[in-house]
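Please read all numbers here as calculations on a predicted model, not as lab measurements.
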Amino acid sequence: MNVYLTKWKCNGAEAYKIGISKWGKERLLEERFGDRYGTKEQYDIFEKEILACIEFSSETYSLARAAALGMEHTFHSLCPKDFRLEEHFNLEDGSLDGMGGINEFFLLPSDVTESTLRRTFDNAMKNVWKLENNLKSFRGSVATEMSL
């Protein structure tokens with residue numbers, strides 16, 4: 001499971017997007033923002049750039065997903081979405097209706113720079129092994145809980 005940081009540009013404006021995906025950095029743009037979900041035309045309006053990707057692995061999918069969700073929500077707390085995409089990117093109202101992940105977009109807060117955000121992702125990537133080691137202690141816990 002991966003947590004990604006991307007930059008999106010359109011009509012001279014830019015915004016960032018943090019989300020989770022099973023697709024890693026090599027296939028993220030084509031798989032997550034391709035035609036898989038029927039929103040390729042909306043995604044293709046934007047120029048997209050992957051800035052960082054943190055991969056979480058565990059013997060169980062649910063634990064890796066839980067770790068990725070925790071990381072994603074932490075970043076969303078640092079950089080909340082507080083704008084309308086169509087307005088920001090000077091697009092027609094409703095043109096992005098149905099596009100997945102629109103609540104994951106944000107503008108950089110005044111006290112956060114792109115380099116700070118990238119450095120934070122880099123540091124998280126360097127320390128992901130600590131979280132993965134902690135996840136090992138939960139092996140079996142899910143199966144045990146489900147059998148109760």
Interatomic distance, [X] atom [atom1] to [Y] atom [atom2] [nearest 0.5 angstrom]:
| X | Y | atom1 | atom2 | result |
| --- | --- | --- | --- | --- |
| Leu108 | Thr116 | CG | OG1 | 9.0 Å |
| His76 | Phe106 | NE2 | CZ | 7.5 Å |
| Leu91 | Leu96 | CG | CG | 5.5 Å |
| Glu86 | Asp97 | CD | CG | 6.0 Å |
| Arg84 | Asp93 | CZ | CG | 4.5 Å |

Residue list, side-chain hydrogen bond (donor to acceptor under 3.5 Å, both in side chains) with [X], at least two apart or on another chain:
| X | value |
| --- | --- |
| Asn90 | none |
| Ser110 | none |
| Ser95 | none |

>> Determine whether Glu104 and Ile18 satisfy the following criterion, side-chain contact (heavy atoms from CB on, under 4.5 Å), listing intermediate values before the conclusion.
In response: CA-CA 6 Å; Glu104 299 169 342; Ile18 292 174; 5.7 Å; no
Applying side chain to side chain contact (heavy atoms under 4.5 Å, CB included), name anything that partners [X], two or more places apart in sequence or on another chain.
| X | value |
| --- | --- |
| Ala67 | Phe56, Leu131, Leu135 |
| Pro109 | Cys79, Asp111, Val112 |
| Ile102 | Leu85, Met99 |

> Which atom names give the shortest non-hydrogen contact between Ala68 and Val3, and what distance separates them?
Replying inline: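 Between these two residues, the closest heavy atoms are O-CG2, 3.4 Å.
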>> Which heavy atom of Ser21 sits nearest to which heavy atom of Tyr4, and what is that distance?
In response: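 The pair with the smallest heavy-atom distance is CB-CE2, 4.0 Å.
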> Given Leu5 and Phe75, is the side-chain contact (heavy atoms from CB on, under 4.5 Å) satisfied, shown in steps?
Replying inline: CA-CA 10 Å; Leu5 169 64; Phe75 278 108; over 6 Å; no
Any residue meeting salt bridge (Lys or Arg N to Asp or Glu O under 4.0 Å) with [X], in chain and number order, not counting sequence neighbours:
| X | answer |
| --- | --- |
| Glu114 | Lys7, Arg118 |
| Asp82 | none |
| Glu72 | none |
| Lys81 | none |

> Pairs in or reaching into residues 77-101: which pass ring pair (Phe, Tyr, Trp, His ring centres under 6.0 Å), with residues at least two apart or in two chains?
Replying inline: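 Listed by first then second residue: Phe46-Phe89, Phe83-His88.
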> Side chain of Lys48, backbone of Tyr43: donor and acceptor closer than 3.5 Å?
Replying inline: yes
> Stepwise, does the side-chain contact (heavy atoms from CB on, under 4.5 Å) test hold for Leu28 with Thr6?
Replying inline: CA-CA 10 Å; Leu28 179 67; Thr6 53; 4.3 Å; yes
Distance-only criterion, 3.5 Å: show the donor-acceptor pairs between side-chain atoms of residues 121-128 and protein atoms not counting sequence neighbours.
from, atom 1, to, atom 2, distance (Å)
Asn123, ND2, Arg119, O, 3.4
Asn127, OD1, Lys130, NZ, 3.3
Asn127, ND2, Asn123, O, 2.9

